[in-house]
There are 2 protein chains.
Amino acid sequence: MNPPAPYYQHQGITIYRADCFEVLHTLEGVGAYVTDVPYSSGGAFRGDRMFSTLSKYASSDSSQQAGIGFTGDNRDQRAFLAWCSLWMSAARGAAADGATFATFIDWRQLPTITDAIQAGGWVWRGVGVWSKKFGRPRDGGFSGACEFLPWASHGSLVESGAYPSGAFEYSPPPVSRRHHLAEKPLPVMEWAMANVPAGALVVDPFMGSGSTLVVAKRRGLRAIGIDVDERQCEIAARRLSQDMLPGLELEDLDAGELEGPALLPLEQAEG
Amino acid sequence: MNPPAPYYQHQGITIYRADCFEVLHTLEGVGAYVTDVPYSSGGAFRGDRMFSTLSKYASSDSSQQAGIGFTGDNRDQRAFLAWCSLWMSAARGAAADGATFATFIDWRQLPTITDAIQAGGWVWRGVGVWSKKFGRPRDGGFSGACEFLPWASHGSLVESGAYPSGAFEYSPPPVSRRHHLAEKPLPVMEWAMANVPAGALVVDPFMGSGSTLVVAKRRGLRAIGIDVDERQCEIAARRLSQDMLPGLELEDLDAGELEGPALLPLEQAEG
DNA sequence: GCCGAGAATGAATCCATCC
DNA sequence: AGGATGGATTCATTCTCGG
């Protein structure tokens, strides 16, 4: 099979505007997958509002009550597991021996993701933690201060000479300064990719605004980003075209504004 | 039903030397469960789980294998899920409305524990993270720097006026200075119990060396600790008898040595 | 009591050998 | 074969101890 025509291609970095399955089936020799799977939306299953509603149910005490759409909740959860298992399996089919896999996820979907990782044939190796330092406070409960990075390998873990910590602390910039609602700050992405060996091909099946590619480019890695949304592809391409002199700190790149015509704001549905 | 005779009882703190089921079925009005369930973890290979806790978890570098191990750590996945569901369900049967539940666990068993929490009828609310700052390094992978604190409530979450963070960073003291191999430092326990409202009855079904009770006593809470191992009961009782003047810092209490005769190490057979 | 240099450590993991 | 055992490995942080 051949991949679709690239949306962007320059200096070892390629962007495809496509569903990830279309591209994953055409790849081989992938050394690492690093991504941020969408879990609060996703055209594959349901509209954003519907999913939010269900999440709201699940987060209330109403799961103990009668009359809630339990089957609907359940089916969404199952569909998410099935869909993740499928794309993770497709990803593994394109992976080189010893390839690594990592995706960001929130606490609620973490168990589903670790099931999907193993269902997809990956060897689950651990869970990294990104601490944002602050989360929304909760009277009588713990704030949601962390996001999780379950990671895995295709077969034996290959030594890369890197020993990243399982915990990383970094305060994210305000939403107003992000290119994407769920955007991961570049230092956080750099941490998540710290164990990727030199020369590896990195693939992000849910590219979003392209933080994975920006870090890959800085490190001189080959990389492929995939996103169904053309606006995200454009944003990512513009970020890659920015000045990336080594003297620039990642934080500065994060704060850099994109040149060119203004882009339409993203609708909520993209979160 | 009546509980067994207490092993220790003083100033609102009670210790039972018993299997937790024996006691849980006799309780009522419990405001919070805070515990550290035996992980039944220790490696991806079948054989690795079968070792004693000392050889599984204590540093293999140090030839000193003296110390106190603990029991009930050898269950396989299915049995661990079933057993946890049972005791969590029994615990919920004794819980007051709005009671909270929290247990420490490692990354490998986290999904199993969140399943058990929900199977036991609790409403899963989130996952706290204790960062030890440093874990054993892994070439090509992330270190295991964190332990996790999934938490839940019995029905609606009750406001307690406390807003603890979902992340807590603290370096544990070396094994040689602990009362229990898996002992949680007092500042970590204090964080894990930060949302427990004043006046609540706290129960720890797997007391170990009694850190939960020590923090409860400091906070003026009523508390019940349960452990099958009489040596742990004795250690906990001694810790509770130590000087706990408010002027003393928790770190100092951690470092305090216990008076009385030395304890025998646990035999390998029990591991 | 404070500070710096050197030593020790880790709720592992993986693999080569034994039985 | 397959389970059990023993040993080598890793480095940021903490601990120990002397000055």
Side-chain angles (χ1 to χ4, degrees), chain A residues 98 100 123-129 151-153 155-169 191 194-195, chain B residues 35-76 80 103-110 112-113 129-150 169-185 187-189 192 206-209 211 232 251-252 254-255 266 268-269 271:
Chain A
T100 57
V123 182
W124 180 31
R125 298 287 178 179
V127 176
V129 174
W151 65 282
S153 68
S156 298
L157 188 60
V158 170
E159 299 179 352
S160 70
Y163 297 82
S165 167
F168 187 75
E169 196 174 58
W191 163 70
N195 63 330
Chain B
T35 193
D36 191 15
V37 62
Y39 292 179
S40 284
S41 197
F45 296 91
R46 287 188 295 280
D48 284 344
R49 275 194 305 279
M50 302 311 291
F51 287 98
S52 79
T53 52
L54 285 173
S55 49
K56 272 202 297 191
Y57 301 134
S59 169
S60 53
D61 301 332
S62 59
S63 53
Q64 59 104 5
Q65 294 268 310
I68 301 181
F70 55 98
T71 58
D73 200 61
N74 293 332
R75 294 177 174 86
D76 69 19
F80 185 67
T103 182
F104 286 94
I105 198 68
D106 71 350
W107 64 271
R108 196 185 293 282
Q109 299 289 26
L110 178 57
T112 301
I113 284 289
V129 174
W130 168 33
S131 168
K132 305 173 178 179
K133 292 188 182 173
F134 189 74
R136 182 167 295 216
R138 257 178 121 171
D139 196 338
F142 298 86
S143 72
C146 298
E147 292 196 25
F148 300 92
L149 187 78
E169 194 176 62
Y170 189 83
S171 296
V175 171
S176 60
R177 279 185 26 212
R178 297 181 207 166
H179 309 101
H180 186 284
L181 174 57
E183 179 175 335
K184 296 294 169 283
V188 174
M189 282 310 303
F206 308 99
M207 176 186 65
S209 57
S211 297
Q232 295 298 338
E251 286 85 348
D252 299 331
D254 255 341
L266 194 69
Q268 290 287 94

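Within every chain, numbering begins at 1; the chains are lettered A, B, ... in the order of the sequence lines, protein sequences first and strands thereafter. Side-chain atoms are counted along with the backbone in the values below, which use heavy atoms only and exclude waters and symmetry mates. This structure is a prediction, so every number in the text was calculated from the model and none was measured.
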Could you work out, with salt bridge (charged side-chain N to carboxylate O under 4.0 Å, His left out) as the rule, every residue matching B:E169, not counting sequence neighbours?
none

B:K133 meets the salt bridge (charged side-chain N to carboxylate O under 4.0 Å, His left out) criterion, sequence neighbours left out, with none

Could you give me the stems involving DNA chain D, meaning stretches of three or more consecutive Watson-Crick or G-U wobble pairs whose two defining distances are both below 3.5 Å?
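Stems found: C:2-10 with D:11-19, C:12-19 with D:2-9.
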
Looking for any heavy atom pair under 4.0 Å, which part of the strands does A:Y163 touch: base, sugar-phosphate only, or nothing?
sugar-phosphate

What nucleic acid atoms does B:W130 come within less than 4.0 Å of, heavy atoms only: base, sugar-phosphate, or nothing?
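No contact.
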
As a quick check of understanding, evaluate side chain to side chain donor-acceptor pair (under 3.5 Å) for B:S40 and B:D73, giving each step before the final call.
CA-CA 4 Å; B:S40 284; B:D73 200 61; 4.5 Å; no

Between C1' on D:dA12 and CZ on B:F142, what's the gap in Å once rounded to a whole number?
16 Å

Within the pair B:R138 and C:dC14, is there a side-chain N or O less than 4.0 Å away from OP1 or OP2?
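Yes, within the criterion.
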
Is a donor-acceptor pair below 3.5 Å formed from side chain B:K184 to base C:dA11, judging by atom type as modelled?
yes

Sole candidate of B:Q109, B:E147, B:R108 that passes side chain to side chain donor-acceptor pair (under 3.5 Å) when paired with B:Y39
B:E147

Any idea how B:W130 and B:F104 line up, ring-wise: parallel (<30°), tilted (30 to 60°), or perpendicular (>60°)?
perpendicular

As a test of reading the structure: which of D:dT13, D:dT10, C:dC14 is closest to the side chain of B:K133, going by heavy atoms?
D:dT13

